[in-house]
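Only this structure's heavy atoms are used, side chains among them; waters, hydrogens and symmetry mates stay out. So that the names make sense, note that chain A is the first sequence line, chain B the second, and so on, each numbered from 1.
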Amino acid sequence: ESTLSVSNGLGMIASFDRSTGEMDRVLSQTKIFGGAYSDEVDLRLELQWGYYTPFNSEHDTIPGDDYGQSSGAYVFRPSMPNQPLNVLPTCKSGKDSTRFVPTPLGLEVHTFYGHDDECWVHQIVRVTQDQPWIEVEYTVGPVPIKDGRGKEVVSRFLTPDIANNGVFFTDSNARAFLKRQRDYRPSWNLTTVHEPIAGNYYPVTAAIFLQDENTSFAVLTDRARGGSSIVDGTLEVKVQRRTLVDDRHGVGEPLNETVGGMTPYPPFGDATRMGRGVIVSGVHRLMVGGGNTGAQLARSAMDGIFAQPLIFVGSAPSDLNHTNVTDTTLEDEEA
Amino acid sequence: SHPFYELEDALGVVQHHDSITGTGKEHVARDYSRRVQAGIDKATPHVLSIILNQMFPNRTLKSAIDLQNSGLQERLEETLQYCPLLLNESICEAATNTVFEGGKENMYVVVYNPLYQQSLQPRTWVVRVPVSMPGIYSVERVDDDIILSRDQTGNNKQLVHARVVNARNDNYTTHENNTIWQVEFLAGPLLPLGAVTYRVALQQPLGETESLNEDDEILPNNFIEIS
């Protein structure tokens, strides 16, 4: 009774905890040729939201260290080198922190995250008929900064059953997938790791995945991201950054847009009203498969995510749909 | 002078890392999107004409059926428009301006697949379009059967509840309050560089209260609930 499981009709079943709305596992049988199914993969999967506080040279610099390199457009640097992710708790938006919403094609599970009931992350997990992935649509922001700290917002995927031993894969401009090994450089001998988090973040433009000989898990992004596997059995992708101090490499201001959301130009909003911060929306698509199939999973969907269908809409009087042409019209026309 | 030049030029400019990662100043970010939008606006009429020619290949008026079609073709040439339907805005005038009341008008949704390679699975895509009023809508695929649509026994007709969703990014939405009605259906299979056309018609208007709202716990019947 405690879980609700839904299928997409293609052999993938996602289970959610009824009381919290949290996802807890995915069963997946990939349909192979001839309609048969591959053996079933049963993967525990939990979605987390959190943030790293960015290095702020005005108060994080160690006395005497004048090399206060703040986090910013050109640098990702958490305020402490091995700062654990500040995990966001769920919070109540309206009467509850989670909602199961049936849709004509499937199910949406809405969950809200934030502090002291200021919900600033809204996550919609969708399982949809005939779609080979689990869709995670998120709206993040305005990122609160009243605690005087910036925040670099991360979506983390926990797959404790996958023993990836510090190895994960990210795409190189949607072409080759490159093997990444935590705290390791293929081209030189990395002996001292100064930044165990920032030093293990890599560019992701289409997908990031981890795998072992039994199971693979891929996250397909809809735009360029930074991503990593900081802890074995997890993947994370950074979705939004808000810093309070300039990194002194660029345009002389921190990543702290406060015009957020509202266009300050009439007619949408008056120029005097400054927003509380940028709001971003995006979609991650999660795919689960058998052992060492991460690249195959990602490739099967990433071109379609890049080149999404174009939608055109028009209208016409409904009587135009049905031919009410009489023979005379026909004769006239032929005449 | 090519209709795609301005879009290509804008996409060249947005290769800058500030545009890809959003680390530029806000007004710079908006300038990037302004340039891309200007390129899209320039390219759209050209794409539309390709789509319409695909929907109504030039035919001589050899039959009454084509006569009916020419009316539909003219009307869609006037009203068909590209609807970006992005995550952060719910804009599609052609959809929200369709007069469904009293069955006066129907909406046509053309889904164009820009992928040129055939994927393993037949490609389907979830389409979510805003509509102007709550109700139960029929969604019927009519692409190359537009001519014969009057014969359709409706076997490819889906009935869909319009549901209320929060409008994205309340700056742009033209809706007074923050919610919109949305029709959602599965389009496809989509062939490479192919287009499919659906007709959306209001079957049964519903009052705002009796429509399927977000809190209903009933699961759609196409889902199996596995204990």
Side-chain angles (χ1 to χ4, degrees), chain A residues 1 4-7 9-10 13 72-73 99-107 128-132 137 139 223-224 241 250-251 253 255 257 259 261-263 268-269 278-283 300 303-304 307-318 320-325 329-330 333, chain B residues 20-21 23 25-26 51 61 64-65 67-68 71-72 75-76 79-83 85 87-88 92 94-95 98 103-115 119-121 123-127 129 149-150 160-161 169 171 184 186 190 199 201 214 216-220 222-224 226:
Chain A
E1 284 311 302
L4 172 70
S5 298
V6 284
S7 162
L10 297 176
I13 297 168
R99 229 182 359 241
F100 289 89
V101 179
T103 71
L105 292 168
L107 183 73
T128 304
Q129 175 191 343
D130 287 355
Q131 299 299 287
E137 180 181 331
T139 300
R223 68 199 76 168
R241 310 176 71 191
V251 292
E253 64 172 34
L255 301 173
E257 287 305 340
V259 292
M262 285 311 267
T263 303
F268 293 119
V278 170
I279 297 171
V280 293
S281 288
V283 176
S300 70
D303 291 347
Q308 299 187 13
L310 305 179
I311 312 291
F312 298 85
V313 177
S315 60
S318 50
L320 272 181
N321 303 329
H322 298 288
T323 310
N324 46 15
V325 178
T329 318
L330 196 53
E333 191 46 39
Chain B
I20 292 172
T21 61
T23 48
K25 292 188 170 206
E26 186 64 13
I51 294 261
L61 283 184
I65 293 176
L67 200 59
Q68 166 253 327
L72 185 57
R75 185 54 201 257
L76 288 183
T79 61
L80 204 64
Q81 66 173 218
Y82 170 50
C83 281
L85 297 178
L87 286 176
N88 65 347
C92 181
T98 302
K104 196 157 164 268
E105 289 188 335
N106 292 326
M107 175 165 73
Y108 285 82
V109 181
V110 181
V111 184
Y112 176 76
N113 176 20
L115 266 190
S119 50
L120 274 185
Q121 301 270 5
R123 188 177 198 193
T124 58
W125 197 257
V126 178
V127 175
V129 280
S149 57
R150 70 189 189 311
V160 178
H161 265 90
N169 205 348
N171 322 345
E184 168 181 324
L186 203 60
L190 298 166
R199 178 172 55 239
E214 289 206 351
D216 289 10
E217 289 293 333
I218 38 164
L219 279 180
N222 59 350
F223 267 71
I224 28 172
I226 301 166

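- Here the closest heavy-atom approach between residue Ala224(A) and residue Ile20(B) is recorded as CB-CG2, 3.3 Å.
- Proximity to chain A involves both the backbone and the side chain of Ala95(B), based on heavy atoms less than 4.5 angstrom apart.
- What you find for Ala307(A) and Pro114(B) is that their closest heavy atoms are O-CG, 3.6 Å.
- With rounding to the nearest 0.5 angstrom, the CH2 atom of Trp125(B) is 13.5 Å from the CG atom of Asp130(A).
- Partners of Lys25(B) under the salt bridge (charged side-chain N to carboxylate O under 4.0 Å, His left out) rule, at least two apart in sequence or in another chain, are Glu253(A).
- Of all heavy-atom pairs between Tyr112(B) and Phe312(A), the closest is CB-CE1, 4.1 Å.
- With hydrogens and angles ignored, the 3.5 Å screen pairs a side-chain donor or acceptor of Ser318(A) with a backbone N or O of Gly103(B).
- Atom CZ of Arg241(A) is separated from atom OG1 of Thr23(B) by 8.0 Å, given to the nearest 0.5 angstrom.
- The structure places OG1 of Thr124(B) at 9.5 Å from CG of Leu105(A), a figure rounded to the nearest 0.5 Å.
- Between the CG atom in Leu310(A) and the CG atom in Asn113(B) there is a gap of 9.0 Å [rounded to 0.5 Å].
- Side chain of Ser315(A) to main chain of Met107(B): no donor-acceptor pair is present (N/O by atom type, distance under 3.5 Å, no hydrogens or angles).
- Both the backbone and the side chain of Leu186(B) come within less than 4.5 Å of a heavy atom of chain A.
- Both the backbone and the side chain of Ile311(A) come within less than 4.5 Å of a heavy atom of chain B.
- Heavy atoms only, all atoms of each residue included: Pro309(A) and Val111(B) are closest at CB-CG1, 3.7 Å.
- Looking at residues two or more places apart in sequence or on another chain, you find a salt bridge (charged side-chain N to carboxylate O under 4.0 Å, His left out) between Glu105(B) and Arg75(B).
- At least one donor-acceptor pair under 3.5 Å links the side chain of Arg123(B) to the backbone N or O of Gly304(A).
- Using a 4.5 Å cut-off between heavy atoms, Val280(A) makes no contact with chain B at all.
- For chain A, the nearby part of Val129(B) is the side chain; its heavy atoms alone come within less than 4.5 Å.
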